[in-house]
Chemist: 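Handing you this structure, nothing more for now.
We use all heavy atoms of the structure for the numbers below, so side chains are in, but hydrogens, waters and symmetry mates are not.
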Amino acid sequence: MNPTRTFHYPPARRADVVEAYHGTAVSDPYRWLEDPHSPETQAFVAAQNELAHGFIDELPVRAAWQERLTALWNYAKVAPPVVRNGRFFFQRNDGLQNQPVLYRQDGPDGRPTPLLDPNTLSEDGTVALINQSYTKDGRLLAYSLSASGSDWQEIHVRDTETGDDTGDRIQWCKFTNAAWLPDNSGFFYARYPAPGEMPDAPPSTHQRVYFHRLGAPQSADELVYARPDAPDLGFAPHLSEDGRYLLLTVWEGTDNRNRFYYRDLSTGGEFVRLIDVMEAKYEFLTNNGPVFYFITDLEAANGRILALDISQPDRANWREIVPEQEDVVETAVVVHDEFIIDYLHHAHHRLRRFALDGTPRGDIDLPTLGSVALLTGERAHDALYFVFQSFLYPPTVYRFDFAAQELSLWHQPQVAFDPSAYETRQVFYESKDGTRVPMFLTHKKDLPRDGDNPTLLYGYGGFNISLPPAFAPTRLAWLEQGGVYAQANLRGGTEYGEAWHQAGMLDRKQNVFDDFIAAAEWLIDQGYTRPSRLAIEGRSNGGLLVAACLLQRPDLYGAVHCGVPVIDMLRYHKFTAGRYWTGEYGNAEENADHFRFMMAYSPLHNVRPGTSYPPTLITTAETDDRVVPMHAEKFAATLQAADAGHHPLLLRVETKAGHGLGKPTG
């Protein structure tokens, strides 16, 4: 124990566990922490929480921060409406409610009435409303509930006229929606085997598509499609807007590429495997009879729109409708017989309109540099709704009227914060290999560059996920205290298309860490901060990011928050959803080359004994069934055993919480 350390880490038994990987012996002394139910693991977690809260709860500024965050969080948060047959459905959180309430409103000027309040489903707000699927006439709603942050969901059905549930209940679901038949008689969905149904199957395999007839028990549901020959495939069922085709987006793990199958419900018959190779992304948008329109990155890394006539499916007949642009297609919807395409331009968003034949119809001008989310509307509608936000601009719902060609406010939140004293800028810096990387900076105007500003650097860098400007009350409180918030758009994301993604995956993962380290160095070199005043933060894949950067450059940071991290790169694929990530990270168990490059950065295996690490808070949750808590727990035990300094290296494990899905406000 370092004599300058005034606290003691909980004891953690080191077991003699060694496993060979392609001829290399790898020690795993804390493997016993992989069992979350063992008394030893639970005692370890309890002791770690006691230590962490001993620091956190005694912070002199904690009460003041809690008071300010409560005030900043206390504003009405409203989602864009889903419109069905003149009925408006939208979610609203009045401010500090644990979960948003689902409302129904008749017409644009009707009086909103609560339709479903998840806050009544649990005392502590840990039951969340996750998905909603409405019938065409808006009469019925299939909705999914998740408890304690789990990916597992139950589907229920509610009559939107009476507000009563029908009694239908669907279990063993995750990563699915409900696709209603036009006559409201039932819906298609995907589920995994029930416990005991396939006892020898690995977790999260053998997803199958079923049809549920309204009013029938789940045991009577009809199996619609399964691929026992390919148990790793997953299926997202949808119906075409004309109700004729049952569509299956066929996915495998987190791979951005997918297959696409369909069945003509008017004629019956088997599913047609229209696209049955994992070569590119194919996102269905709409159809004109047998002509299907897709967003794809096939031969277009930034994305484009193609038309495929299923009666003439040969590739020679595929037609390009909207060609690839310099900016990256983030998503698109079809409203008012137009393609509304959300483009990423240097990591912030632009909305552009195109006719169904690809003719440009101009842009929808956005208020400032920011991001767009939750675009809603249907092909026959005359209005588009969406959320716009930025670092200093709270999520605001806008309505674009196609007839008037006007953008108007649908909901403007009122936040207890004056943004006029702050500014957001985008800068570009060079990574280790010379790659130009964008980064957003938000801080007070006229900020002195004296190297003394507390700075928080955030990143993610993976899974084709972009980090555009986003609003968070926690960041506002940081800015008010003179902090700088920096958000780096690292390789591994989709900021510059699939090429940017691939530059940060598999054997190129070190590029992501190099990009983040270079961002920290740039902030220091430019006089924004210095190492002792620089904190880094990341969650999930971003938790892996900050863990790797902590170990590679412990001299560069004054504090680290490592949230729900992926840490054990040799065994991650053996737990819950981990098997989905092998396309992104690799599989060290099966591939010797993968073992070599994964072992080189795996945080669990690169902790150096005798090192003084900066103050670090590792956070996870006991019911996280996406990135299981053993990652954080093994990392904490390993760091604490190796630490030669006097800074606290803490682990906090939340109860009745998961990876972040549906987390209550409290």
Chemist: Tell me whether the centres of the aromatic rings in Trp180 and Phe187 are closer together than 6.0 Å.
Modeler: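 Between Phe187 and Trp180, which both carry aromatic rings, the centre distance is below 6.0 Å.
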
Chemist: Could you go step by step and tell me if Phe400 and Phe402 meet the ring pair (Phe, Tyr, Trp, His ring centres under 6.0 Å) rule?
Modeler: CA-CA 6 Å; Phe400 181 75; Phe402 287 90; 5.1 Å; yes

Chemist: Taking 4.0 angstrom as the limit, do Asp221 and Arg191 come out as a salt bridge?
Modeler: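 No, Asp221 and Arg191 are not salt-bridged.
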
Chemist: Just say parallel, tilted or perpendicular for the rings of Trp410 and Phe88, cut-offs at 30° and 60°.
Modeler: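 Because their plane-to-plane angle is under 30°, the rings of Trp410 and Phe88 count as parallel.
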
Chemist: For Arg213, give me all partners under salt bridge (Lys or Arg N to Asp or Glu O under 4.0 Å), at least two apart in sequence or on another chain.
Modeler: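 Testing Arg213 for salt bridge (Lys or Arg N to Asp or Glu O under 4.0 Å), a comparison that skips the adjacent residues, returns none.
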
Chemist: Just checking, Arg84 and Phe89: is the charged tip under 6.0 Å from the six-membered ring centre and within 45° of the axis?
Modeler: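 No, cation not above the ring by the 6.0 Å, 45° rule.
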
Chemist: Go through the side-chain N and O atoms of Tyr585 and Asn541 and say whether any donor and acceptor fall under 3.5 Å apart.
Modeler: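 Distance-only check passes for Tyr585 and Asn541.
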
Chemist: Assess the pair Tyr262 and Phe284: is the distance between their ring centroids shorter than 6.0 Å?
Modeler: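 Judged by ring-centre distance (under 6.0 Å), Tyr262 and Phe284 do not meet the cut-off.
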
Chemist: Looking only at side-chain N and O atoms, does His501 offer a donor or acceptor that is under 3.5 Å from a partner on Glu584?
Modeler: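 A donor-acceptor contact under 3.5 Å links the two side chains.
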
Chemist: Closer than 3.5 angstrom, by distance alone: can the side chain of Thr160 be matched with the main-chain N or O of Arg139 as a donor-acceptor pair?
Modeler: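 Pair found, side chain donor or acceptor close to backbone of Arg139.
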
Chemist: So, do Glu299 and Glu279 sit near enough that their side-chain heavy atoms are less than 4.5 Å apart?
Modeler: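 Answer no - side chains too far apart.
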
Chemist: Decide side-chain contact (heavy atoms from CB on, under 4.5 Å) for Phe386 and Leu351; before the verdict, give the C-alpha distance in whole Å, the side-chain angles of both, and the deciding distance to 0.1 Å.
Modeler: CA-CA 11 Å; Phe386 62 89; Leu351 279 183; 3.8 Å; yes

Chemist: Quick one: pull up CZ in Phe292 and CG in Leu247 and give me the separation to the nearest 0.5 Å.
Modeler: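 Phe292 CZ to Leu247 CG: 5.5 Å, rounded to 0.5 Å.
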
Chemist: Between Arg579 and Asp232, does any NZ, NE, NH1 or NH2 come within less than 4.0 Å of an OD or OE carboxylate oxygen?
Modeler: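 Yes, charged N to carboxylate O under 4.0 Å.
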
Chemist: What I want to find out is whether Asp337 reaches Arg379 closely enough, with some N-O distance under 4.0 Å, to be called a salt bridge.
Modeler: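 The answer is yes: the pair qualifies as a salt bridge.
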
Chemist: Using only heavy-atom distances, determine whether the side chains of Gln325 and Arg350 contain a donor-acceptor pair under 3.5 Å.
Modeler: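 Checked: Gln325/Arg350 side chains show no N/O donor-acceptor pair below 3.5 Å.
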
Chemist: Just checking, any donor-acceptor pair under 3.5 angstrom between side chains of His411 and Tyr398?
Modeler: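 No pair is found: no donor N or O on one side chain lies under 3.5 Å from an acceptor on the other.
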
Chemist: Could you state the interatomic distance from CD1 (Ile275) to OG1 (Thr249), rounded to the nearest 0.5 Å?
Modeler: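 These two atoms lie 9.5 Å from each other.
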
Chemist: Under a 3.5 Å threshold, yes or no: a donor from one side chain and an acceptor from the other, between His212 and Asp168?
Modeler: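 Note: His212 and Asp168 side chains meet the donor-acceptor criterion.
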
Chemist: How many angstroms lie between CZ in Phe354 and OG1 in Thr359, if you round to the nearest 0.5 Å?
Modeler: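 The CZ atom of Phe354 sits 10.0 Å away from the OG1 atom of Thr359.
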
Chemist: Assess whether atom CD of Glu270 is packed by more than 12 heavy atoms of other residues, nucleotides or ligands within 6.0 Å.
Modeler: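 No, CD of Glu270 has 12 or fewer neighbouring heavy atoms, counting only those of other groups under 6.0 Å.
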
Chemist: Quick check for you: to the nearest 0.5 Å, what is the distance between Arg259 atom CZ and Tyr282 atom OH?
Modeler: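 Interatomic distance, Arg259 CZ to Tyr282 OH, rounded to 0.5 Å: 12.5 Å.
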
Chemist: Could you tell me whether Phe294 and Trp318 have their ring centroids closer than 6.0 angstrom?
Modeler: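 So the answer is no for these two rings.
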
Chemist: List in chain and number order the residues that pass side-chain contact (heavy atoms from CB on, under 4.5 Å) with Asp314, two or more places apart in sequence or in another chain; answer none if no residue qualifies.
Modeler: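 Asp314 satisfies side-chain contact (heavy atoms from CB on, under 4.5 Å) with Asn317 only.
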
Chemist: Salt bridge between Asp242 and Arg244, side-chain N to carboxylate O under 4.0 Å?
Modeler: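 Not counted as a salt bridge, because no side-chain N and carboxylate O are separated by less than 4.0 Å.
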
Chemist: Between Thr576 and Asp151, is there a side-chain heavy-atom distance shorter than 4.5 Å?
Modeler: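 No, too far: nothing below the 4.5 Å cut-off.
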
Chemist: Hey, mind stepping through Asn511 and Asp433 against side-chain contact (heavy atoms from CB on, under 4.5 Å) and telling me if it holds?
Modeler: CA-CA 8 Å; Asn511 287 337; Asp433 63 358; 4.1 Å; yes

Chemist: Would you call Arg227 and Glu252 a salt bridge, using N to O less than 4.0 angstrom?
Modeler: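 No.
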
Chemist: Is it true that Lys281 and Glu498 have a side-chain N and a carboxylate O under 4.0 angstrom from each other?
Modeler: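 Here Lys281 does not pair with Glu498 in a salt bridge, since their nearest N and O are not under 4.0 Å apart.
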
Chemist: What's the spacing between Phe188 CZ and Leu181 CG if we round to 0.5 Å?
Modeler: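 Here the interatomic distance stands at 4.5 Å.
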
Chemist: Out of curiosity, Arg104 CZ to Arg87 CZ, how far, rounded to the nearest 0.5 Å?
Modeler: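 That separation rounds to 4.5 Å.
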
Chemist: Backbone N or O of Ala194 within a donor-acceptor pair of the Gln171 side chain at under 3.5 Å?
Modeler: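 Checked: no pair found.
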
Chemist: Do the side chain of Asp515 and the main chain of Ser431 share a donor and acceptor less than 3.5 angstrom apart?
Modeler: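 Judged by distance alone, no pair lies under 3.5 Å.
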
Chemist: Tell me if the aromatic rings of Tyr385 and Phe90 count as close, with their centers under 6.0 Å from one another.
Modeler: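 No, the ring of Tyr385 stays outside the 6.0 Å limit from the ring of Phe90, centre to centre.
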
Chemist: Hey, would you say the His346 and Tyr496 ring centroids sit under 6.0 Å apart?
Modeler: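 Yes, close enough.
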
Chemist: Would a 4.5 Å heavy-atom cut-off, applied to side chains only, mark Leu356 and Val334 as touching?
Modeler: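 With C-beta onward as the side chain, the pair touches.
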
Chemist: Parallel, tilted or perpendicular: which describes the rings of Tyr580 and Phe175, with under 30° parallel and over 60° perpendicular?
Modeler: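 The rings of Tyr580 and Phe175 stand perpendicular, inter-plane angle above 60°.
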
Chemist: May I ask you to test the Glu495-Leu467 pair for a side-chain heavy-atom distance under 4.5 Å?
Modeler: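 Yes, close enough: below the 4.5 Å cut-off.
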
Chemist: As a test of understanding, state which of Tyr458, Phe471, Phe440 forms a ring-ring contact (aromatic ring centres under 6.0 Å, His included) with Phe391.
Modeler: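 Of the listed options, the one satisfying the test is Phe440.
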
Chemist: Taking the side chain as C-beta and beyond, is there a heavy-atom pair between Thr582 and Tyr572 under 4.5 Å?
Modeler: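 They are in contact (side-chain heavy atoms under 4.5 Å apart), so the answer is yes.
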
Chemist: Would you check if Thr331 and Glu283 make a side-chain contact, meaning some heavy-atom pair closer than 4.5 Å?
Modeler: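 The answer is yes; the side chains approach within 4.5 Å.
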
Chemist: Checking Ser150 against Lys174: is there a side-chain donor and acceptor pair closer than 3.5 Å?
Modeler: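 Lys174 vs Ser150: no donor-acceptor pair found between side chains.
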
